[in-house]
Colleague: 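Structure incoming, see below.
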2 protein chains.
Amino acid sequence: MVILEELKKVASHPAADELYELVRRRLPRVSLGTVYRNLELLCESGMVRKLEYGGSQRRYDGDATHHYHLRCVSCGRVEDAPIKPVSEIEESLRKMSDYEIIGHHVEFVGICPECKRKAPRTATQTKRALRKEKKHGTERITN
Amino acid sequence: MVILEELKKVASHPAADELYELVRRRLPRVSLGTVYRNLELLCESGMVRKLEYGGSQRRYDGDATHHYHLRCVSCGRVEDAPIKPVSEIEESLRKMSDYEIIGHHVEFVGICPECKRKAPRTATQTKRALRKEKKHGTERITN
DNA sequence: GAACATATTGGTAATGATTACTATTTCTAA
DNA sequence: TTAGAAATAGTAATCATTACCAATATGTTC
Ligand SMILES: [Mn+2]
Ligand SMILES: [Mn+2]
Ligand SMILES: [Zn+2]
Ligand SMILES: [Zn+2]
């Protein structure tokens with residue numbers, strides 16, 4: 001319950017260890033293993049979504065409804081993309097493929113307003129950042 | 001060169017160790033580290049794409065042009081989705097977000113024809129497979 | 001070609017996120 | 001209470017990826 005509550009409280013799509021720190025404030029004796037185990041159970045029950053895009057750590061999302069994400073290549077922040085999913089895209093693929101299509105995921109990559117302000121980049125710098133990000137995953141943010 | 005050639009030969013989006021085995025047939029003394037190192041260089045030079053969707057291993061794509069992917073939740077196969085990318089979706093997001101949008105990735109999930117034939121699934125079984133797949137990543141395929 | 005500087009490699013160790021394991025604790029229901 | 005079941009904390013194991021470095025290969029200048 002506490003794990004789910006804390007996950008729903010934040011919009012930051014935290015990784016397991018970040019969520020662990022949040023949960024610890026309320027349950028100081030909880031273990032990281034318990035966080036992982038229950039996140040898995042919550043995913044299975046459909047109350048939590050596991051995000052497995054770029055980076056070296058999985059992120060978890062307390063909002064299990066279908067929506068897209070937007071990741072800042074500079075600071076690693078992941079936000080919900082403020083557009084609604086286009087289900088028609090699945091239909092058009094069904095016409096072209098023999099797969100039984102179950103769903104789709106979309107991740108936009110970009111630079112968040114804060115990072116734009118802090119360090120406006122040339123196109124070259126942006127490409128470099130993208131590479132570095134792909135290489136190392138992105139820094140943790142303390143949002 | 002050999003690494004890039006072998007990667008371009010296959011349509012299976014192999015993981016590093018799978019590609020390592022392919023390269024070894026031509027360069028028996030090559031090391032896995034060399035494969036990783038050069039894949040990184042090829043990514044940086046833009047000739048190879050690194051796929052970081054689900055599963056526990058990264059996959060590599062010798063086709064660096066923008067395209068979508070289609071993953072079978074049953075066997076783990078990853079194919080190119082036979083539809084063209086919709087760039088308009090980035091435009092519509094630009095209107096709604098202050099991010100500087102750089103690009104987007106799409107992964108469809110479904111069941112490939114072969115798996116459908118081998119083990120037709122009920123909706124419940126499919127959901128279960130999806131969970132298991134999310135949990136363990138998917139089996140290696142020998143395509 | 002010899003001598004040197006530079007770049008790349010193979011082999012192996014280190015890293016780090018996730019998972020597995022297990023003794024102990026907590027819950028449940030008679 | 002009390003026995004059995006379920007969950008947990010703490011720790012070990014796993015395994016994909018990176019880091020490291022001595023050895024080898026490559027290129028360059030004379
Ligand atoms: Mn979200
Ligand atoms: Mn592809
Ligand atoms: Zn940012
Ligand atoms: Zn399949």
Side-chain angles (χ1 to χ4, degrees), chain A residues 1-7 12-45 47-61 71 76 78 131-141, chain B residues 1-7 12-45 47-61 71 76 78 131-141:
Chain A
M1 297 281 302
V2 174
I3 290 168
L4 182 58
E5 281 173 20
E6 291 299 317
L7 184 55
S12 62
H13 307 87
D17 61 333
E18 295 168 315
L19 184 56
Y20 172 54
E21 290 305 328
L22 294 175
V23 171
R24 263 219 292 197
R25 295 185 194 158
R26 289 174 58 185
L27 302 174
R29 315 205 41 145
V30 80
S31 73
L32 180 58
T34 296
V35 172
Y36 271 109
R37 183 170 1 93
N38 286 289
L39 279 173
E40 209 55 53
L41 294 170
L42 289 164
C43 286
E44 287 177 23
S45 81
M47 308 178 75
V48 162
R49 245 183 78 188
K50 202 191 297 187
L51 307 183
E52 314 202 42
Y53 314 113
S56 56
Q57 276 177 295
R58 283 176 200 156
R59 288 166 168 274
Y60 295 87
D61 193 336
R71 181 167 51 91
V78 173
R131 287 181 208 147
K132 190 181 168 186
E133 177 269 331
K134 291 216 164 184
K135 190 168 180 183
H136 289 112
T138 42
E139 312 146 35
R140 195 69 52 75
I141 52 167
Chain B
M1 296 281 303
V2 174
I3 290 168
L4 182 59
E5 281 173 20
E6 291 299 317
L7 184 55
S12 62
H13 307 88
D17 61 332
E18 296 167 315
L19 185 56
Y20 172 54
E21 291 305 328
L22 295 175
V23 171
R24 261 218 292 196
R25 295 185 194 157
R26 288 176 57 186
L27 303 174
R29 316 204 40 144
V30 80
S31 72
L32 180 58
T34 296
V35 172
Y36 271 109
R37 184 167 1 93
N38 287 289
L39 279 173
E40 210 55 54
L41 294 170
L42 289 165
C43 286
E44 287 177 23
S45 80
M47 308 178 75
V48 163
R49 246 182 79 188
K50 201 191 297 187
L51 307 182
E52 314 203 42
Y53 314 112
S56 56
Q57 277 175 294
R58 283 176 200 157
R59 288 166 169 273
Y60 295 87
D61 193 337
R71 180 167 51 91
V78 173
R131 284 180 210 148
K132 191 185 168 183
E133 177 268 333
K134 292 214 161 184
K135 190 169 181 183
H136 289 113
T138 42
E139 311 146 37
R140 197 69 52 74
I141 53 169

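In the text below, chain A, chain B and the rest are named by the order of the sequence lines, each starting its count at 1. Keep in mind that the numbers below use all heavy atoms, side chains included, and drop hydrogens, waters and symmetry copies.
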Colleague: Identify the pairs formed between an N or O of the protein and an N or O of nucleotides 24-27 of chain D at a distance under 3.5 Å, and give each distance.
Modeller:
none

Colleague: Over all heavy atoms of both residues, which pair between Ala15(A) and Gln57(A) is shortest? Give the atoms and the distance, please.
Modeller: CB-NE2, 3.7 Å
Colleague: Asn38(B) side chain N/O closer than 4.0 Å to the phosphate oxygens (OP1, OP2) of dT9(C)?
Modeller: yes
Colleague: Would you kindly give the CZ-to-P distance between Arg59(A) and dA17(C), to the nearest whole Å?
Modeller: 13 Å
Colleague: For the CG atom of Asp17(B) and the CZ atom of Arg24(B), what is their distance to the nearest 0.5 Å?
Modeller: 10.5 Å
Colleague: Closest approach of Tyr20(B) and Leu32(B), non-hydrogen atoms and distance?
Modeller: CE1-N, 3.4 Å
Colleague: Starting from P on dG11(C), measure out to CG on Leu32(B) and report it in whole angstrom.
Modeller: 11 Å
Colleague: Taking OP1 and OP2 of dA9(D), is either one under 4.0 Å from a side-chain nitrogen or oxygen of Thr34(A)?
Modeller: yes
Colleague: Using atom CD of Gln57(B) as one end and atom P of dC15(D) as the other, report the distance to the nearest whole Å.
Modeller: 11 Å
Colleague: Could you measure the distance from the OH atom of Tyr60(A) to the NZ atom of Lys50(A)? Nearest 0.5 Å is fine.
Modeller: 5.0 Å
Colleague: Taking Glu5(A) first and then Arg26(A), would you say they form a salt bridge - that is, a charged N and a carboxylate O separated by under 4.0 Å?
Modeller: yes
Colleague: Rounding to an integer number of Å, can you tell me how far Arg37(A) CZ sits from dA9(D) C1'?
Modeller: 9 Å
Colleague: Can you tell me the distance, in whole Å, between the OH atom of Tyr36(B) and the P atom of dT17(D)?
Modeller: 3 Å
Colleague: If you measure from CZ on Arg49(A) to CG on Leu42(A), what distance do you get to the nearest 0.5 Å?
Modeller: 15.0 Å
Colleague: Indicate yes or no: does Arg37(A) engage Glu40(A) in a salt bridge with an N to O separation below 4.0 Å.
Modeller: no
Colleague: Using whole Å, report how far CG of Leu41(B) lies from P of dA7(C).
Modeller: 13 Å
Colleague: Tell me the interatomic distance from Met1(A), atom CE, to dA6(D), atom P, rounded to whole angstroms.
Modeller: 20 Å
Colleague: Could you tell me how far apart Arg29(A) (CZ) and dA9(D) (P) are, to the nearest whole angstrom?
Modeller: 8 Å
Colleague: Give the nucleotide from the list dG10(C), dT18(D), dA9(D) with an atom nearest to the side chain of Glu40(B).
Modeller: dT18(D)
